[in-house]
Amino acid sequence: MPSMSHPESRNFNQNQKFNGNTTKNDVRDDYFVRKQRIAQQRSSLPIAPVEKRILEEVRKNDTLIIVGETGSGKTTQLPQFLFNGGFGRDGKVIGITQPRRVAAVTVAKRVAEECGVELGQKVGYSIRFEDVTSSSTRIKYMTDGLLLREALLDPSLSRYSVIIVDEAHERTVHTDVLLGLLKNVQNARSRCTNQQIGLEKDNNGVLLDKENNSQCLGLLKSCQGKKLPPLKLIIMSASLDARVFSEYFGGARAVHIQGRQYPVDMLFTHHAEPDYLDATLITIFQIHLEEGPGDILVFLTGQEEIESVERLVQERAQQIPEGSQKILTVPIFSSLPSEQQMQVFRPAPSGFRKVILATNIAETSVTIPGIKYVIDPGLVKARTYNPLTGMESLIIVPTSKAQALQRSGRAGREGPGKCFRLYPESEFGKLLDSTVPEIKRCNLSNVILQLKALGVDDITGFDFMEKPSRMAIVKSLEQLFLLGALTDDYKLSKPVGQQMARLPLDPIYSKSLILASEFNCLEEMLITVAMLSVESIFYAPREKLEEARAARKCFSSPEGDHLTLINVYRASVECLEKSKRANSKDRTTERSLSKWCKENFINNRSLRHARDIHSQIRRHIEQMGLLVASCGDDTLQFRRCLAASFFLNAALKQPDGTYRAFASSQVVQIHPSSVLFRTKSDCIIFNELVRTNHNYIRNITRIDPLWLLELAPQYYATQN
DNA sequence: GAGCACTGC
């Protein structure tokens with residue numbers, strides 16, 4: 001949340017007037033005025049007076065925890081303090097990680113402006129598909145996942161003098177893995193500088209693995225011969241509880257920095273609400289009729305809920321007496337096309353109060369100006385993972401205290417606000433302090449594959465901040481073994497495991513690409529994997545459901561969803577090429593693709609994402625020397641390859657018409673979005689298994705059950 | 001008959 005830390009940069013409407021008649025002097029004045037304004041804003045941030053103290057602490061301590069509340073300025077200012085303190089000398093880089101791409105980009109832009117430099121020079125950012133850095137970059141903002149990938153190439157992170165892990169309290173998988181890794185790197189680098197490596201060698205001069213830490217050993221080897229200064233670590237968190245981080249880093253010092261946030265009045269209900277949607281509705285109108293001006297932000301759990309509340313508000317709004325202020329509802333959730341997402345930033349027309357109906361996208365990812373009231377029913381739709389069944393579930397659960405606090409904070413960004421919590425105060429005390437870290441509720445195959453590639457052989461022995469369950473680790477090791485990524489003794493296999501680790505994909509997709517080069521259908525599989533790796537490609541607004549369905553039918557393949565996705569991708573490429581031939585301008589091409597998407601009910605953002613992934617992965621597999629060939633019209637070959645790749649996700653039709661998944665022997669249903677929803681093929685493979693109202697499988701293709709025996713005998717020959 | 005939120009050399 002970049003904007004949390006520096007309210008100024010959030011101005012979407014920095015109404016800079018560009019006047020055709022500006023003279024050189026105006027421009028220069030403008031420059032000085034802006035420079036002065038920036039200096040003034042910087043010096044008024046709560047972090048400004050403690051610059052010296054923080055620098056001293058960083059010099060004295062290798063690891064520092066900084067707890068900075070909203071609006072403290074830590075994200076933009078600290079890297080500049082460190083740069084001025086000499087941490088960017090000798091070509092060294094100050095790295096700052098963020099959990100989200102937008103954050104990395106917007107903060108980097110702001111800091112470049114503050115420093116008066118061009119973005120990509122002294123200050124830059126690097127996120128997947130976009131590297132805006134150069135050899136002169138000294139302050140580098142990036143996503144935490146990207147730094148993890150960088151570590152595969154440079155295990156001792158030798159370019160960095162300091163790494164700042166921002167928003168650590170969010171505890172994303174990437175943050176958690178990164179913290180463990182950084183701890184090892186820091187350890188190894190300080191041993192490199194403090195002691196001579198000779199101390200660690202046996203009589204034959206071989207490095208000893210005294211601490212049974214294979215990664216550290218590997219790191220020491222990679223430090224050998226290089227003169228690396230110790231790695232400074234700064235963990236920044238917005239949660240008030242610094243203790244967990246401090247303990248994890250051996251009692252590291254913690255510094256608190258005041259935030260800058262307006263007071264928010266907390267209101268609770270007297271009793272528990274039996275129907276929270278009804279309670280939400282009542283509260284919206286209560287605020288609208290009794291409170292002063294200001295927009296309302298409502299936190300709901302999902303699209304369906306948002307759409308139904310939107311209808312109810314609009315119905316009831318007709319009863320508002322003539323002449324009084326009207327209500328404008330605006331929905332926002334991640335799968336909404338971006339043009340519609342943008343509506344939330346538009347100020348309400350005069351005579352209207354804006355009511356924003358949002359999922360938790362509005363908690364951290366999107367900051368909406370003008371909010372004075374927050375309605376929080378105290379619920380969130382959360383993903384959980386059961387390693388035993390390999391099943392993901394999306395269930396509605398109570399928020400944590402930290403989450404409730406984050407939500408209420410959205411009312412106090414521009415002035416004092418009010419937060420209406422739709423549960424009694426006594427219930428608040430019963431909430432979990434913070435959300436369970438993601439690493440404890442996800443499939444670990446990807447994490448384990450990456451750790452193995454980083455030289456961490458003993459996964460259970462790895463120093464996780466919070467260790468995932470043994471079952472989750474064992475299940476993922478087993479899966480990686482079945483995919484051929486690990487050897488009998490659970491070491492990374494060569495070359496398959498190494499190749500899989502290099503690809504920024506779900507391991508099962510990486511494997512499917514390697515197999516596809518043998519089945520001569522890598523071109524098709526590459527498209528499939530890119531399309532499967534993005535959020536939903538199809539978009540069906542409620543009011544145009546029939547049209548959307550008809551549009552989708554044009555792409556449908558009777559074989560299943562995988563070939564359907566390929567059809568969509570190829571049709572979009574054709575549209576692009578046609579437009580390029582007709583008109584060479586990039587912008588027109590982009591516009592005609594966006595028109596094509598609209599006509600065909602395709603989510604433009606998802607499709608662009610798929611194209612980016614496609615080109616990135618294509619570069620990788622070409623470097624690996626895999627053969628990118630097409631199977632042409634021979635879709636049988638492609639489906640055989642799907643069976644060989646996704647054999648772990650096969651399901652058989654039961655006599656009663658339901659399906660049973662092989663691996664977990666659970667009863668599953670075909671998701672209604674699948675092209676195979678109505679047809680009942682005997683045997684299918686699928687890519688996703690999610691429990692919502694039912695156990696749904698998604699992205700499905702029909703196969704011949706005999707292929708499983710033939711193509712995955714290691715799994716099926718022993719199981720009948 | 002239905003889709004929380006992020007992210008990747």
Side-chain angles (χ1 to χ4, degrees), chain A residues 1 97-104 126-131 133 142-155 167 170-178 299-307 332-336 358-366 379-384 392-397 399 403 406 435 438 441-442 446-447 449-450 453-454 501-507 509-510 530 533-542 545 548-549 603 606 609 612-613 616-617 619-620 623-624 669-674 677-678 688 690-694 696-699:
Chain A
M1 30 176 191
T97 71
Q98 296 288 333
R100 275 175 293 281
R101 292 162 57 99
V102 259
S126 190
I127 57 178
R128 191 185 190 184
F129 314 127
E130 250 181 278
D131 182 12
T133 62
M142 62 197 131
T143 44
D144 42 19
L146 193 112
L147 185 60
L148 272 176
R149 286 275 156 193
E150 246 187 64
L152 287 176
L153 294 181
D154 175 16
E167 314 291 7
E170 288 192 24
R171 304 293 304 276
T172 65
V173 185
H174 286 151
T175 304
D176 271 25
V177 175
L178 191 60
F299 284 101
L300 296 166
T301 64
Q303 177 177 352
E304 215 181 64
E305 230 172 70
I306 288 175
E307 283 170 350
I332 183 165
F333 45 88
S334 77
S335 61
L336 198 69
T359 58
N360 45 351
I361 191 174
E363 233 171 60
T364 46
S365 308
V366 171
L379 297 168
V380 62
K381 199 181 276 189
R383 185 204 293 270
T384 56
E392 282 183 343
S393 330
L394 286 173
I395 42 171
I396 296 174
V397 294
T399 61
Q403 213 170 359
Q406 175 71 30
T435 313
E438 200 186 353
R441 44 188 181 92
C442 74
N446 216 348
V447 167
L449 188 63
Q450 275 204 43
L454 286 162
R502 259 181 74 186
L503 295 170
L505 289 171
D506 194 328
Y509 294 157
S510 304
S533 300
V534 301
E535 327 71 72
S536 175
I537 283 284
F538 297 103
Y539 174 72
R542 186 175 286 267
L545 220 54
R549 214 171 284 167
N603 187 327
S606 303
H609 192 182
D612 284 339
I613 294 178
Q616 186 191 33
I617 304 299
R619 274 201 308 276
H620 279 294
Q623 274 169 20
M624 289 179 190
Q669 286 185 35
I670 296 182
H671 193 276
S673 64
S674 171
F677 178 60
R678 282 181 202 290
E688 234 184 306
V690 180
R691 182 179 182 84
T692 48
N693 292 325
H694 302 279
Y696 280 118
I697 49 175
R698 304 172 67 167
N699 294 317

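No hydrogens, no waters, no symmetry mates; every other heavy atom, side chains included, goes into these values. Just so it is clear, the structure is predicted and the values come from calculations on it, not from any experiment. Lettering follows sequence order; numbering is per chain, from 1.
- L153(A) comes within 4.0 angstrom of a nucleotide base, judged by non-hydrogen atoms across all strands.
- At the heavy-atom level, S536(A) lies nowhere under 4.0 Å from the strands shown.
- Nucleic acid contact for R101(A): sugar-phosphate only, since backbone atoms but no base atoms lie under 4.0 Å from a heavy atom of the residue.
- Ranked by how close their nearest DNA chain B nucleotide is to the 5' end, F677(A) and A501(A) are led by F677(A).
- Residue L394(A) is in base contact, counting any heavy-atom pair closer than 4.0 Å across all strands shown.
- At a threshold of 4.0 angstrom between heavy atoms, the contacts of Y696(A) are confined to the sugar-phosphate backbone, with no base atom among them.
- Using a 4.0 Å heavy-atom criterion, one finds that R678(A) contacts the bases of the nucleic acid, with or without backbone contacts as well.
- As judged by a 4.0 angstrom heavy-atom cut-off over every strand, R619(A) is placed among residues making no nucleic acid contact.
- In this structure, T143(A) reaches the sugar-phosphate backbone alone: every heavy-atom distance under 4.0 Å involves primed, P, OP1 or OP2 atoms, never a base.
- Counting only heavy atoms from C-beta outward, the side chains of R171(A) and T435(A) never approach each other to under 4.5 Å.
- Using a 4.0 Å heavy-atom criterion, one finds that E535(A) contacts no nucleic acid atom at all.
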Inset, instruction - Output, in order, the C-alpha distance, side-chain angles, deciding distance and verdict of side-chain contact (heavy atoms from CB on, under 4.5 Å) for R149(A) and Q450(A). - result: CA-CA 8 Å; R149(A) 286 275 156 193; Q450(A) 275 204 43; 3.3 Å; yes

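- Counting only N and O atoms by type, the side chains of S673(A) and H671(A) include a donor and acceptor under 3.5 Å apart.
- A heavy-atom distance below 4.5 Å is found between the side chains of P672(A) and Y696(A).
- Taking a heavy-atom distance under 4.0 Å as the criterion, the stretch of DNA chain B touched by chain A extends 5' to 3' from dG1(B) to dC9(B).
- Looking at residues two or more places apart in sequence or on another chain, you find a side-chain hydrogen bond (donor to acceptor under 3.5 Å, both in side chains) between H609(A) and E535(A).
- For R100(A) and E170(A), the salt-bridge test passes: some basic side-chain N is under 4.0 Å from an acidic carboxylate O.
- Using a 4.0 Å heavy-atom criterion, one finds that T692(A) contacts the sugar-phosphate atoms exclusively.
- Heavy atoms only, all atoms of each residue included: H620(A) and L503(A) are closest at CB-CD2, 3.5 Å.
- Nucleic acid contact class of I396(A) (heavy atoms, under 4.0 Å, all strands): none.
- Nucleotides of DNA chain B nearest to E307(A) and L505(A) differ in position, and the one nearer the 5' end is that of E307(A).
- D131(A) comes within 4.0 angstrom of nothing in the nucleic acid, heavy atoms only.
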